[in-house]
Amino acid sequence: MENSFLSEFKKRNYFNQCTNYEELEQLMNKNKIRAYIGFDCTSSSLHVGSLLQIMCLRLLQKYGHQPIVLLGGGTTRIGDPSGKEETRKILPEKVIEKNTKNIENVFKIFLKTKNKNTKPIFVNNYKWLGKLNYIKFLRKIGIHFTINKMLSFDSIKIRLDREQSLSYMEFNYMILQAYDFLELNKNKNCSMQIGGSDQWGNIVNGVELIKRHSNKQVFGLTTPLITLSSGSKMGKTEKGAVWLDKKLLTTYDYWQFWRNTDDEDVLRFLQMFTDLSLEKIEELKNKNINQLKIILANETTSMLHGKAAAAKAEQTAKNTFEKKSVGTDLPTLILKKKQVINGINIIDLVTATNLSNSKSEVRRMIKNKGIKINNETVESDKFNILLNNFGKENFLKLSHGKKNHVIVKIN
RNA sequence: GGAGGGGUACCAAAGUGGUCAAAUGGGGCGGGCUGUAAACCCGUUGACUUCGGUCUUCGAAGGUUCGAAUCCUUCUCCCUCCA
């Protein structure tokens, strides 16, 4: 019989592969289960690249299952070779610990924490990996892995085929991840691991380890790698990562990220990254594409920054792009009156904002007609801003290209 | 430990004494067209500049030379092969 969680999982395009779909269906129909996803702690927070996994955890909650968030404090000390062409740099322990805390906070926003039965369980694998005894580990766990098999996994094979070096440390990564699953199965009664498609090998290892070690059946489920219709990986923009963190990316910029989605991706993203029901999305389908993008931006932004903040961002975008005016969410630079009274050179003004920090770049921008004050192109890099450039309300809008605007105010 | 190959801008990659702030492609940025889309076209892509130039950059430090990304020495990192 079809399982409601899995069927929605599929319909929302989260599904890539499963170790044993039919039996997983049976299990999930019978019991509420615990499932985990592991997160790497290599950066100071999470970005949109991890959003799909987060959505999976939310979906588990929706159907009454309980997510386990595994923070890879231990495995990050080793470095996952999957999909990497080179050994990645190993971070100092202090940084990893700090990252771990920040990342945990992201989940506290996205996941529901009130319901006792579905609230997320946070674990850090450093807790058990950090105190492993090498000999005991090899005897207990190592015995279940054959080198022959390990060499056949993509993450290893690709490196070897390309004759790129792979350290022994990294080679052990998959065993550690498999061990994590075993640990969670034993101590937290966790019966499923979810992950990106690049984690398939690591996940299968865990499933097999548990089979051999404990003779228990557990499951692995993977999500596809999301690419934009342009073919590039999701989550990185010109300006850097799209962080799921207020401190690292403003609400307005986050909203804009979603608003700027390619036409081709909009429906898919509505399914993947919003809570809108599939029926609702079906209804919306025929709406104007730009309306859909606004809905997408509002839904995704509300989830992270709250409804009110999202509405503010939307209003700011409306003012900025439709009315060619300004909105409260635009970044603001405040100047003292005496700084302006004798005029400020345009280059100095632009570099004082976060629009640019290079004078050469600003000169270039002016030459290419990309700098505007109150929607009027600045023609010369000798242009001086005077008090009368600020309107009655003592502010002006400074634009860098079409999408980047800053309000400059006189105090 | 031994033998080779290599480190050039955001990335890939050319350049092996002057014409090199460094070809070309991708990416980025800006403009045009549009819808804050895609595709396409054009411009631009080290820093500073009084727009004359000036300064810094081809793994690092020295050296040869009027002149070095290019030649020499030492160091360093990466890769391959052998042990």
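Just the heavy atoms: all of them, side chains too, but no hydrogens, waters or symmetry mates, feed the values below. Lettering of chains follows the sequences in order, A, B, ..., and the numbering in each one begins at 1.
- When rounded to the nearest whole Å, the span between CG of A/Leu296 and C1' of B/U36 equals 14 Å.
- Listed pair A/Asn404 / B/G30 meets the phosphate criterion, a side-chain N or O lying under 4.0 Å from OP1 or OP2.
- Residue A/Ser358 is in sugar-phosphate contact alone, with no base atom involved, counting any heavy-atom pair closer than 4.0 Å across all strands shown.
- Across all strands shown, B/C81 forms a Watson-Crick or G-U wobble pair, both distances under 3.5 Å, with B/G2.
- A gap of 28 Å separates the C1' atoms of B/G28 and B/C78, to the nearest Å.
- Here, B/C72 and B/C79 have their C1' atoms 25 Å apart, quoted to the whole Å.
- In this structure, of B/U36, B/G32, B/A47, it is B/G32 that holds the atom nearest to the side chain of A/Lys402.
- Counting atom types as modelled, A/Asn288 pairs no side-chain N or O with a base atom of B/G35 as donor and acceptor under 3.5 Å.
- Taking atom P in both B/G1 and B/A69, the straight-line distance is 34 Å, to the nearest Å.
- Between A/Phe15 and A/Tyr21, the distance from one ring center to the other falls under 6.0 angstrom.
- Taking atom NZ on A/Lys293 and atom C1' on B/G35, their separation rounds to 7 Å, with Å as the unit.
- Side-chain N/O atoms of A/Glu322 and base N/O atoms of B/U36 include no donor-acceptor pair closer than 3.5 Å.
- One interatomic measurement links the two molecules: CG of A/Leu267 to P of B/A37, which rounds to 18 Å at whole-angstrom precision.
- In this structure, B/C10 and B/G26 make a Watson-Crick or G-U wobble pair, each of the two defining distances being under 3.5 angstrom.
- Whole-Å rounding puts the A/Gln315 CD to B/U36 C1' distance at 16 Å.
- A side-chain N or O of A/Trp128 and one of A/Asp180 form a donor-acceptor pair less than 3.5 Å apart.
- Residues satisfying the side chain to side chain donor-acceptor pair (under 3.5 Å) criterion with A/Lys140, sequence neighbours excluded, are absent altogether.
- A/Lys372 contributes atom NZ, which lies 12.0 Å from atom CG of A/Leu398 (distance to the nearest 0.5 angstrom).
- With a glycosidic angle no further than 90° from 0, B/G52 counts as syn.
- Distance, A/Ile347 CD1 to B/C51 P: 12 Å, rounded to whole Å.
- Using a cut-off of 4.0 Å between Lys/Arg side-chain N and Asp/Glu carboxylate O, A/Glu97 and A/Lys101 are scored as not salt-bridged.
- With rounding to whole Å, A/Ile289 atom CD1 is found 13 Å from B/U36 atom P.
- Phosphate proximity of B/U45 to A/Arg363: absent, as no side-chain N or O sits under 4.0 Å from OP1 or OP2.
- Of all nucleotides listed (B/U36, B/G35, B/C29), B/U36 comes nearest to the side chain of A/Gln256.
- Distance from the side chain of A/Ser360 is smallest for B/A47 among the nucleotides B/A47, B/G30, B/U36.
- Side-chain contact check for A/Gln315 and A/Asn319: at least one donor-acceptor pair (N or O, by modelled atom type) lies under 3.5 Å.
- Evaluation of the side chain to side chain donor-acceptor pair (under 3.5 Å) rule for A/Thr250 yields A/Asp253 as partners, not counting sequence neighbours.
- Nucleotides B/G25 and B/C42 have their P atoms positioned 12 Å apart, rounded to a whole Å.
- Both A/Lys382 and A/Ala317 sit near RNA chain B, but only A/Ala317 has its closest nucleotide nearer the 5' end.
- Spacing of C1' atoms, B/G31 relative to B/A47, comes out at 24 Å, to the nearest Å.
- Side-chain atoms of A/Lys247 and A/Asn102 form no donor-acceptor pair, as typed in the model, at a separation below 3.5 Å.
- Phosphate proximity of B/U49 to A/Lys359: present, with a side-chain N or O under 4.0 Å from OP1 or OP2.
- Under the Watson-Crick or G-U wobble criterion, with both distances below 3.5 Å, B/C40 is paired with B/G32.
- When each of B/U36, B/G30, B/A37 is scored by its nearest atom to the side-chain atoms of A/Trp255, the top-ranked nucleotide is B/U36.
- Place A/Tyr252 and A/Glu361 on RNA chain B by their nearest nucleotides, and A/Glu361 ends up nearer the 5' end.
- With C1' as the reference atom, B/G5 and B/G32 are 48 Å apart, rounded to whole Å.
- OP1 or OP2 of B/A37 has at least one side-chain nitrogen or oxygen of A/Lys403 nearer than 4.0 Å.
- In this entry the distance linking CD of A/Glu264 with P of B/A39 reads 10 Å, nearest Å.
- Here, B/U16 and B/C71 have their C1' atoms 9 Å apart, quoted to the whole Å.
- Donor-acceptor pairing under 3.5 Å is recorded for the side chains of A/Ser45 and A/Asp245.
- Atom-to-atom, CZ of A/Arg259 to P of B/G35 comes out at 12 Å; the value is rounded to the nearest Å.
- A salt bridge does not link A/Lys307 to A/Glu314: none of the charged side-chain nitrogens sits closer than 4.0 Å to a carboxylate oxygen.
- Atom P of B/U70 sits at a distance of 14 Å from the matching atom of B/G62, rounded to the whole Å.
- Listed by residue number, the members of residues 364-372 of chain A with any heavy atom below 4.0 angstrom from RNA chain B are A/Arg364, A/Met365, A/Asn368, A/Lys369, A/Gly370.
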